[in-house]
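Worksheet: one structure, shown below.
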There are 4 protein chains.
Amino acid sequence: MRARTFTESGRRAQIVRAAIAVIAEAGYLKASFSRIAKHAGLSSTGMISYHFAGKDDLLTACVTEIEEITGAFMQPRIDAAVGHVAQLRAYVESNVELVGEHPDEVRALIDLVKNAGSPSDAVSGRLALFEEHFRTGQAAGAFGAFDVRTTALAFTAGLDAVVATAAANVPEPAELARIGRELADLYVRATAPGSAGGPA
Amino acid sequence: MRARTFTESGRRAQIVRAAIAVIAEAGYLKASFSRIAKHAGLSSTGMISYHFAGKDDLLTACVTEIEEITGAFMQPRIDAAVGHVAQLRAYVESNVELVGEHPDEVRALIDLVKNAGSPSDAVSGRLALFEEHFRTGQAAGAFGAFDVRTTALAFTAGLDAVVATAAANVPEPAELARIGRELADLYVRATAPGSAGGPA
Amino acid sequence: MRARTFTESGRRAQIVRAAIAVIAEAGYLKASFSRIAKHAGLSSTGMISYHFAGKDDLLTACVTEIEEITGAFMQPRIDAAVGHVAQLRAYVESNVELVGEHPDEVRALIDLVKNAGSPSDAVSGRLALFEEHFRTGQAAGAFGAFDVRTTALAFTAGLDAVVATAAANVPEPAELARIGRELADLYVRATAPGSAGGPA
Amino acid sequence: MRARTFTESGRRAQIVRAAIAVIAEAGYLKASFSRIAKHAGLSSTGMISYHFAGKDDLLTACVTEIEEITGAFMQPRIDAAVGHVAQLRAYVESNVELVGEHPDEVRALIDLVKNAGSPSDAVSGRLALFEEHFRTGQAAGAFGAFDVRTTALAFTAGLDAVVATAAANVPEPAELARIGRELADLYVRATAPGSAGGPA
DNA sequence: CATGAATGAGCGTTCATTCAT
DNA sequence: GATGAATGAACGCTCATTCAT
């Protein structure tokens, strides 16, 4: 058991934590070096530039740190699920439930993903993960026939929106669980095999 | 009677068009007055301030302009559809097809909606529209039982993501139509009545 | 009897009146052409530039207009007084009482005098008037021996301050009269002949 | 222990000095950050914003700095005077003489006081000081009966005007002393007990 | 006479980044 | 390693003034 995610130690970690907090509470747009420095208790922004190559570097570090945290929460739950459908459900539900545990990190990550100028590894990685999951699931007969790219896009964005809304005003755990279940149900129905899906 | 406001509204329209183009190509964050002025062939940013009360005013005008354009394209198609399911499909498909006609406007609107500090009428209006459509559709037996709020959130965000991705690199009309159909299929399946949807 | 001070007619007068009102209520610093145009019900500042050679011209016209008004109130009262002392008293008291009749004009004039870059005719004229009054009064034995320049400076400034304070929050006429009397008493005592005035 | 704030406070002091000089020579209205920066030999206005929270902060620092300088000159002279009348004389005379030592500071302070949007501590403090001095002096029989508020207003404003005029074109020390004595005489006569002061 | 669009300089402020110490 | 003063460009916005119509 490790006390801290591996990312960084000392100052870097302190700055990253401050940056996440600032993005979570003030938004990406307002997350200037001076605001982050103030939140971190630093007397100047020079410290941040000293430890990070630039704003992108800091933001990337934030994404990495948050992914550590979210991964630590979600991955075991996903791994515990058996089958493509169950894993999709586990991904969605654990992501929504994560809001109850780490609302700041969730808020910040979504804001970062939204405002990322270039599609970061995080964003495209998750997209590729969904696509691949759908593809293998279709091959295994767990999912019906649908465009994996479009579906991956729509599902990740829809998940983010639900999660962001929940994170903006964190509900009770039970309500959070219900929302996760609802969304997972929706996605499972949408991807179930055998449905006609043709024009109504 | 003279169309005395022609010149004035002409400049306003020109600035709005320039602003939309800049937001579409450089993003909301980079859409500064000077960039917009340069794009519009104006010699100074003062001209923009002359025609608009402030940045918010300009942005609001952009949203209004875009909504008019998108509404003119989508509304007839939606109105032509009969039944809740067909209308949902028409909304989704016409929105995706719209990318082929007005990629800049679509790109800009999504960026504007994303970065709107306060939920604008546009964004919350669409959400409410979806919710209400689902609610009445459920009452009419056209849709199954699901959380209308969560579904509206996920669907509008998913639709935006698909549309934004298409707008970033506009495909052939046929491909666009296919993507729209795929997404509509997905949504129709997800909301169809009679599906169990329980844990798999 | 004339219905209007001679200054100007039509647009010019309208603009001058608006400028006075704006200076009175918002202060010299905020009295921009656009603010004045808005107050005058004009749609653009071009109208002001069309009628006045520049900001200085407009401001000078304001001063002239206000002096017309204040002169119409004060001059008869001063003329009615007999003797140097009584005239000094009449000047002071009528100036303070003027606040009850034309608070806006008084406020504006004082603000204009304060912020006049170069000493205007108005300001230096009044100073010269006081100096001359003291000089002839001393020759007539109505006033004691004192530096007329210093006294004129101190008295006009002191009068302005009292008047400005009263104009900022106009008191009852009776209170206004009392303040005028108090100030006049003060000035009369200070300039009375026969007082030693040496170091105490 | 290190004098760590030396550099920082050095720059602040340098900027304050530059600001005072600019206000003194160009007036409050023209005292923009860029003008002050240029006068201070700084390459940009950003440096001023770096050291001061805003324009108000800088202006407040200027007032504080000037009050320290003027207090250091005037206070000993006032304290050395015995009795209410002598102290009034000492205040007036030392204030006028101060012009010979610190003309820029005097000019700047008067301009700052004039243009202070809200009555600063400086201006209302001095007014209260005069009022209180008159009140206690009247109780002690040193002054006659007069409205302390009106007198305080007129005297401080008159003193400012005399000082400002002297500062605009600094005379010889002897002339300065004479002007101070004249003004003090005037004020002493005006407030002396026993004078009738009624209508002449 | 009158209009209002256009201009261009200037405002205070914030920003990410650099660099001598 | 760490500091914080310094930089200079950019921001949205206001200003007095000009000028073609």
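Computed over heavy atoms, backbone and side chain alike; hydrogens, waters and symmetry mates excluded. By convention in this document, chain letters (A, B, ...) are assigned in the order of the sequence lines, proteins followed by strands, and residues within each chain are numbered from 1.
Annotation: side-chain hydrogen bond (donor to acceptor under 3.5 Å, both in side chains) contacts involving residues 32-41 of chain B, sequence neighbours excluded, comprise B:Ser32-B:Ser34.
In this structure, A:Leu58 places its CG atom 12 Å from C1' of E:dA16, rounding to the nearest Å. The NZ-C1' distance, from B:Lys30 to E:dC15, rounds to 13 Å in whole Å. The distance from atom CD of A:Gln14 to atom P of F:dA2 is 10 Å, rounded to the nearest whole Å. Between the CD1 atom of A:Ile36 and the P atom of E:dT14 there is a distance of 16 Å, given to the nearest Å. Put simply, CG on A:Leu29 is 11 Å from P on E:dC15, counting in whole angstrom units. Whole-Å rounding puts the D:Lys55 NZ to E:dC11 C1' distance at 8 Å. If you take CD1 of D:Ile48 and P of F:dA6, they are 12 Å apart, rounded to a whole angstrom. Taking atom CZ on D:Phe52 and atom P on E:dT13, their separation rounds to 12 Å, with Å as the unit.
Comparing F:dA6, E:dT3, E:dC15 by their nearest atom to the side chain of C:Tyr50 picks out E:dT3. Looking at the side chain of D:Met47, the nearest of the listed nucleotides E:dA2, F:dC13, F:dA5 is F:dA5. Considering only the side chain of B:Arg11, E:dA6 comes nearest among F:dA2, F:dA5, E:dA6. Set against F:dA16, E:dC11, F:dG12, the side chain of D:Ser34 has E:dC11 as its closest nucleotide.
Residue B:Phe33 is classed as a sugar-phosphate contact, given heavy-atom separations below 4.0 Å to backbone atoms only. Residue D:Ser49 is in base contact, counting any heavy-atom pair closer than 4.0 Å across all strands shown.
With rounding to the nearest 0.5 Å, the separation of OH in A:Tyr50 from CZ in A:Arg12 is 12.0 Å. Atom CG of B:Leu109 is separated from atom CD1 of B:Ile69 by 10.0 Å, given to the nearest 0.5 angstrom. We find the CG-CD1 distance between A:Asp104 and A:Ile23 to be 10.5 Å, quoted to the nearest 0.5 Å.
Between C:His51 and the phosphate of E:dA2, there is a side-chain N or O to OP1/OP2 separation shorter than 4.0 Å. Residue D:Ser32 places none of its side-chain N or O atoms closer than 4.0 Å to OP1 or OP2 of E:dG10.
Mapped onto DNA chain F by nearest heavy atom, D:Gly46 and B:Ala53 fall at different nucleotides, with D:Gly46 at the one closer to the 5' end.
Near DNA chain F, meaning a heavy atom under 4.0 Å from it, residues 15-25 of chain D has no residue at all. If you check residues 37-45 of chain B against DNA chain F, the residues with a heavy atom closer than 4.0 Å are B:Thr45, listed by number.
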N/O donor to acceptor pairs below 3.5 angstrom from side-chain atoms of residues 54-64 of chain B, sequence neighbours left out:
| residue | atom | partner | partner atom | Å |
| --- | --- | --- | --- | --- |
| B:Lys55 | NZ | B:Ala31 | O | 3.0 |
| B:Asp57 | OD2 | B:Ala53 | N | 2.9 |
| B:Thr60 | OG1 | B:Asp56 | O | 2.8 |
| B:Thr64 | OG1 | B:Thr60 | O | 2.9 |

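Comparing E:dC1 with F:dT21, their P atoms are spaced 23 Å from each other, to the whole Å.
The two residues C:Leu42 and C:Met47 make their nearest non-hydrogen contact at CD1-CG, 3.8 Å.
In DNA chain E, runs of at least 3 stacked Watson-Crick or G-U pairs (N1-N3 plus N6-O4 or O6-N4, or N1-O2 plus O6-N3, all under 3.5 Å) give these stems: E:2-21 with F:2-21.
Judged purely by atom type and a 3.5 angstrom limit, C:Ser49 has no side-chain atom pairing as donor or acceptor with the backbone of C:Gly46. C:Lys114 contributes a side-chain N or O that, together with a main-chain N or O of D:Lys114, makes up a donor-acceptor pair within less than 3.5 Å.
Residues passing the side chain to side chain contact (heavy atoms under 4.5 Å, CB included) test with C:Ala164 are C:Ile110, sequence neighbours excluded.
Between C:Arg17 and C:Gln14, the side chains place no donor N or O within less than 3.5 Å of an acceptor N or O (distance only, hydrogens not considered).
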